[in-house]
Amino acid sequence: AKLAHNARSLRAGLLNRGWEVLGDAHILPVVVGADAVPLATRLWERGVFAPAIRYPTVALGAERIRLTVSAAHTDTEIERILDAFGDANEARS
């Protein structure tokens, strides 16, 4: 139940911040296009491990960040991840 709650919270928070999120499981692909590697770097600098998945693993233009949430994540940690994505989204604009 905690894992499902965390996955829903993270997904909803990302969608509310304007990100395109695929699926609804505990592995959340966030489609970001060509920004995947620079975004992964910015997130890492904020303490969020979020690897970039890029071409040719996925189609050009469909590059993504792969998040994996667990039942061990706290609400505070999920908020920190969402804050990092919010800051990164502002930097993209």
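Please read all numbers here as calculations on a predicted model, not as lab measurements.
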Could you give the distance from CG (L28) to CH2 (W19), rounded to the nearest 0.5 Å? 13.5 Å
Does one hydrophobic cluster hold both L39 and W44, with members joined at side-chain heavy-atom distances below 4.5 Å? no
Nearest 0.5 Å, please: how far is NE2 in H26 from OG1 in T68? 6.0 Å
Taking all non-hydrogen atoms of both residues into account, name the closest pair between A50 and I65 and its distance. CB-CG2, 3.4 Å
Does N6 use its side chain to pair, donor to acceptor, with the backbone of V69 at less than 3.5 Å? no
Test log, rule side-chain contact (heavy atoms from CB on, under 4.5 Å), inputs E63 and V31: CA-CA 6 Å; E63 294 87 355; V31 179; over 6 Å; no
Can any side-chain N or O of R11 pair as donor or acceptor with the backbone N or O of G23 at less than 3.5 Å? yes
Which distance, rounded to the nearest 0.5 Å, do you find between the CG of L43 and the CZ of F49? 11.0 Å
Between E20 and V30, does the side-chain contact (heavy atoms from CB on, under 4.5 Å) criterion hold? Intermediate values first, please. CA-CA 6 Å; E20 178 185 356; V30 183; over 6 Å; no
Using only atom types and a distance under 3.5 Å, with no angle test, would you say the side chain of R17 pairs donor to acceptor with the backbone of L82? yes
Roughly how far, to the nearest 0.5 Å, is CD1 of I78 from CG of L14? 10.0 Å
To the nearest 0.5 angstrom, please state how far the CG atom of L10 sits from the CZ atom of F85. 7.5 Å
Closest heavy-atom pair, A25 versus A7, reported as atoms and distance to 0.1 Å, is O-CB, 3.6 Å
Is the side chain of T57 donor-acceptor paired with the backbone N or O of I53 at a distance under 3.5 Å, no angle test? no
First locate atom CD1 of I81, then atom CZ of R46, and finally report the distance between them rounded to the nearest 0.5 Å. 11.0 Å
When you measure from the side chain of R54 to the backbone N and O of A52, does any donor-acceptor pair fall under 3.5 Å? no
Within-4.5 Å side-chain heavy-atom neighbours: R66 and P29: no
Between D75 and K2 (salt bridge meaning N to carboxylate O under 4.0 Å), is one present in this structure? yes
Smallest separation among heavy atoms of R80 and G47, with atom names: NH1-O, 3.3 Å
